[in-house]
Amino acid sequence: MNYPDELCQLIIRNVEILETAPSVRDKIERQLFATINTRIKERVEAQKGKWKGYYKKLMVGDKKDDDDTSFALDEWPEDNDVYLVYFQLGCTEDACPDDEEHSWLAFAAGYNGMALCLEFSVDLALKDLGQRLREFYKSTPALHEAKFLCTKDGSIYRPFSFDAEKLAEEYPVFDVSLAPLDAALDDIFKTHKEFDAFVKKLKTARRKK
């Protein structure tokens, strides 16, 4: 169904009523995440050096697509075109104020302290992987300066969210409102050498198994 822009802008400005208008929310999410994917793709491909990526994240309602938006340095390990070390577009699920499921638009708009994130994901079979990740984060000041966070299990991520009012003002064409995403990407590009050095150590440890 084709909903007027004014209704979509109302939903963005009033995230708390999202669950009462799922079909309108789905339309907004499709538009927003398509733009986010394009922005990430353009920024990654513009970097000096060799990067690779998939840019297919599209969250609709409570369903998750089979494909995710993820990117990595060319030299980072993969298996049959499946990345084993990469940055991935996701959300800060541990920041949910309750046990309820929330829409992806709620994360994007920073509802109740929730946020989207670019997470450093490692799918390598190492028993002490969590400990290695925590030690890497703790011993790397550049990650702290770049506003990365680390969970108890070693998940390292850079959270960000958008200003709902700015999203609403720009809808349906998002640009300036995506500045927080650009800042998160800037921080990844500033620290990619630290991450790359850590990945090289993981590859060495993996070969020694």
Side-chain angles (χ1 to χ4, degrees), residues 1-47 51-72 83 86-98 100-121 147 149 157-189:
M1 185 176 293
N2 188 22
Y3 297 100
D5 290 350
E6 291 79 6
L7 177 57
C8 295
Q9 290 169 329
L10 174 66
I11 294 296
I12 295 172
R13 288 188 171 100
N14 297 274
V15 180
E16 66 274 10
I17 66 173
L18 282 172
E19 304 311 323
T20 67
S23 55
V24 184
R25 177 198 65 207
D26 291 353
K27 177 184 178 181
I28 299 167
E29 287 179 344
R30 287 182 184 276
Q31 182 70 25
L32 177 59
F33 277 86
T35 308
I36 288 173
N37 288 339
T38 298
R39 179 65 60 89
I40 294 175
K41 183 176 187 288
E42 292 174 347
R43 291 294 311 278
V44 170
E45 292 182 347
Q47 295 306 302
W51 291 74
K52 55 192 176 184
Y54 295 104
Y55 311 97
K56 299 180 179 180
K57 188 78 162 187
L58 180 59
M59 308 303 293
V60 179
D62 294 326
K63 296 182 179 179
K64 179 178 179 180
D65 281 358
D66 292 335
D67 295 315
D68 287 315
T69 290
S70 56
F71 55 97
Y83 298 164
Y86 52 95
F87 293 103
Q88 181 178 31
L89 175 63
C91 65
T92 57
E93 294 184 64
D94 58 328
C96 289
D98 49 50
E100 296 181 5
E101 291 189 2
H102 294 275
S103 72
W104 280 84
L105 184 56
F107 284 100
Y111 178 59
N112 273 355
M114 296 183 291
L116 296 176
C117 71
L118 294 173
E119 181 180 0
F120 177 61
S121 298
K147 301 178 183 178
L149 299 176
Y157 62 97
R158 171 56 165 85
F160 67 93
S161 61
F162 307 114
D163 183 287
E165 182 61 31
K166 291 180 179 178
L167 288 177
E169 288 175 358
E170 287 197 319
Y171 183 87
V173 181
F174 305 106
D175 183 20
V176 177
S177 58
L178 299 188
L181 169 61
D182 285 326
L185 288 167
D186 286 342
D187 286 334
I188 283 180
F189 299 139

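Starting from 1, each residue takes its place in the sequence as its number. As the structure is a prediction and not an experimental result, all values here were calculated from the model.
- When all heavy atoms of E169 and Q9 are compared, the pair lying nearest together is O-NE2, 4.3 Å.
- Expressed to the nearest 0.5 Å, how far OG of S103 lies from CZ of R25 amounts to 5.0 Å.
- In this structure the side chain of I36 never reaches within 4.5 angstrom of the side chain of T69, judged on heavy atoms.
- Evaluation of the side chain to side chain donor-acceptor pair (under 3.5 Å) rule for S177 yields E170 as partners, not counting sequence neighbours.
- The two residues A164 and A109 make their nearest non-hydrogen contact at CB-CB, 4.2 Å.
- Closest non-hydrogen pair, C91 versus F107, comes out as CB-CD2, 3.7 Å.
- Remark: the backbone N or O of A115 is paired with a side-chain donor or acceptor of T92 at under 3.5 angstrom.
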Report task. Evaluate side chain to side chain contact (heavy atoms under 4.5 Å, CB included) for L178 paired with L32, printing each intermediate quantity in order. Result -> CA-CA 10 Å; L178 299 188; L32 177 59; 4.2 Å; yes

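- For an aromatic pair to be called close, the ring centres must be under 6.0 Å apart, and Y86 with Y54 fails this.
- D175 CG to T35 OG1: the interatomic distance, rounded to the nearest 0.5 Å, is 9.5 Å.
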Run F189 and V44 through side chain to side chain contact (heavy atoms under 4.5 Å, CB included) and show every step you take. CA-CA 9 Å; F189 299 139; V44 170; 4.2 Å; yes

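- Side-chain atoms of E29 come within 3.5 Å of backbone atoms of W104 as a donor-acceptor pair (strictly under, hydrogens ignored).
- Y111 contributes atom OH, which lies 14.0 Å from atom OG of S161 (distance to the nearest 0.5 angstrom).
- Within the 4.5 Å cutoff, the side chain of I188 has no heavy atoms near those of the F120 side chain.
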**OP:** May I have the step-by-step check of side chain to side chain contact (heavy atoms under 4.5 Å, CB included) for L89 and D68, ending in yes or no?
**Re:** CA-CA 7 Å; L89 175 63; D68 287 315; over 6 Å; no

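- Put simply, the side chain of Y83 does not reach to within 4.5 Å of the side chain of F71, judged on heavy atoms.
- Partners of D186 by side chain to side chain donor-acceptor pair (under 3.5 Å), not counting sequence neighbours, listed by chain and number: R43.
- Taking the side chain as every heavy atom from C-beta outward, Y171 and D5 approach each other to under 4.5 Å.
- Partners of K52 by salt bridge (Lys or Arg N to Asp or Glu O under 4.0 Å), not counting sequence neighbours, listed by chain and number: E78.
- A 4.5 Å side-chain heavy-atom check between F87 and R158 finds every atom pair outside the cut-off.
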Practice prompt. Take F174 and L167 through the side chain to side chain contact (heavy atoms under 4.5 Å, CB included) test and state the conclusion after the steps.
Written response: CA-CA 7 Å; F174 305 106; L167 288 177; 3.7 Å; yes

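- How far CG of D187 is from CG of D182: 11.0 Å, rounded to the nearest 0.5 Å.
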